[in-house]
Amino acid sequence: MEKDIKILAIETSCDETAAAVVLNGREVLSNVISSQIKLHTIYGGVVPELASRKHTENINPVIRQALSEAGMTLSDVDAIAVTYGPGLVGALLVGVSEAKAIAWAAHKPIIGVHHIEGHISANFIENKDLEPPFLCLVVSGGHSHLVKVVGYGEFEILGRTRDDAAGEAFDKVARAIGLGYPGGPKIDAVSKTGNADAIEFPRAKVAGAEYDFSFSGLKSAVLNYLNSCEMKGEKIVTEDVAASFQKAVVDVLVEHSVHAIRETGFKKFALAGGVASNSALRTAMEEACKKEGVAFYRPSPILCTDNAAMIGAAAYYEFIKGNVSGYDLNAVPALKLGER
Ligand code: KG4
Ligand code: ZN
């Protein structure tokens, strides 16, 4: 039998300070997330400088807790993994510097992990049978990608957003309708009591790029609708605006995904990223996959939004391929998917 591999993973790319211990890429021994939502709520969004400072305060206690919940010390782990991009540079640097310091002190190898590869790998944790190849729709606050996962850590990007990411659109529209930060979960919640067919918002297509997304026109359409209601003195029903906007996003995401399923012939489809916890998207995509005769995977909501367990899952497959980083690993804020 092969030796068990235990990885201590660290994630600080945005506003969650997270650490986890993952066994053989699939079993989560601990998953600690210290959210900064309260801190940033008063500003209506993530303030990068504050995020970095909070990571610095939180990182050591979060790592200590992750090791203790897993019942081990640093000397018991086989490697240290850390998100090194993409993300906020100051936030990434806290995790990368910490990972390098403890890896060097404990004589452990270090594995730099791409944040989106982490989101995709979250699917391996609860679906022990899931193996590439599969199609994956990655929708988060900073990214919207439709990806062919051709192997572990091997990707072919079919489509991406031309402007706002899906989560960014949720956050901006939530602010405009007075729901505040973080927008996605709030729109998801109020949409449950709204009429999704009340307002016909546009479903944007990108000419010549069948799999690409564009959400900035939809965001402008919502803002125009709100302005015109105000000018005409018409009442704005927040729940209806939220539900109609959410439906417009979900329709486009599902339509592109179904198109990719039909064109590629892939038999497995997975959701990933913060927006993958959206209840309307999960239901619609599950139904679409059933109709297409394709297996549907999605992580539990706690593994959709930023966490370190997903980084530990991705790191395992890089580690067994021999893809370890040097102690000179640096943060790469605009790291592209598939680059190392
Ligand atoms: O993956 P994530 O935690 O961070 C990034 O890598 O960006 O994603 C955060 C994004 C935010 O834009 C947030 O509003 C969105 O995911 N989000 C949701 C939901 N939960 C989080 N969007 C729609 N519905 C949700 N339930
Ligand atoms: Zn993320």
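All values below come from the heavy atoms of this structure, side chains included, with hydrogens, waters and symmetry mates left out. In each ligand, atom 1 is the first atom listed, and ligand 1 is the first ligand listed.
- Between Pro182 and ligand 1, a contact under 3.5 Å exists for no N or O pair.
- Note on Lys290 versus Glu287: no salt bridge recorded, every NZ/NE/NH1/NH2 to OD/OE distance being 4.0 Å or above.
- Contact annotation for His119 and ligand 1: only side-chain heavy atoms (C-beta onward) come within less than 4.0 Å of the ligand.
- Asp306 has its closest N, O or S atom to the Zn ion (ligand 2) at the position named OD1.
- Taking only non-hydrogen atoms, the option from Val249, Asp171, Asn307 nearest to atom 14 (O) of ligand 1 is Asp171.
- Between Tyr317 and Phe124, the ring center distance clears the sub-6.0 Å criterion.
- Here the protein heavy atom with the shortest distance to atom 7 (O) of ligand 1 is Gly141 N, 2.8 Å.
- The side-chain hydrogen bond (donor to acceptor under 3.5 Å, both in side chains) with Tyr181 is formed by just one residue from the set Asp15, Asp171, Thr41; it is Asp15.
- Under the side chain to side chain contact (heavy atoms under 4.5 Å, CB included) criterion, Thr238 pairs with Ile177, Leu179, not counting sequence neighbours.
- Considering backbone and side-chain atoms together, Thr305 places no N or O closer than 3.5 Å to any N or O of ligand 1.
- Within the coordination shell of the Zn ion (ligand 2), defined by N, O or S atoms under 2.8 Å, His119 is present.
- Between the choices Leu281, Val250, Val139, Asp306, the shortest heavy-atom distance to atom 3 (O) of ligand 1 belongs to Asp306.
- Here the side chain of His114 pairs no donor or acceptor atom with the backbone of Pro86 at under 3.5 angstrom.
- Here's the thing with Gly274: one of its N/O atoms is less than 3.5 angstrom from an N/O atom of ligand 1.
- Taking 2.8 Å as the criterion, His143 does not count as a coordinating residue of the Zn ion (ligand 2), since none of its N, O or S atoms falls below it.
- Residue His115 touches ligand 1 through its side chain alone, judged by heavy-atom distances below 4.0 Å.
- The N/O atoms of Gly184, backbone and side chain alike, include one that comes under 3.5 Å of an N/O atom in ligand 1.
- Not one N or O on the side chain of Ser13 forms a donor-acceptor pair closer than 3.5 Å with the backbone of Gly87.
- Of the protein's non-hydrogen atoms, Asn278 ND2, 3.0 Å is the one closest to atom 24 (N) of ligand 1.
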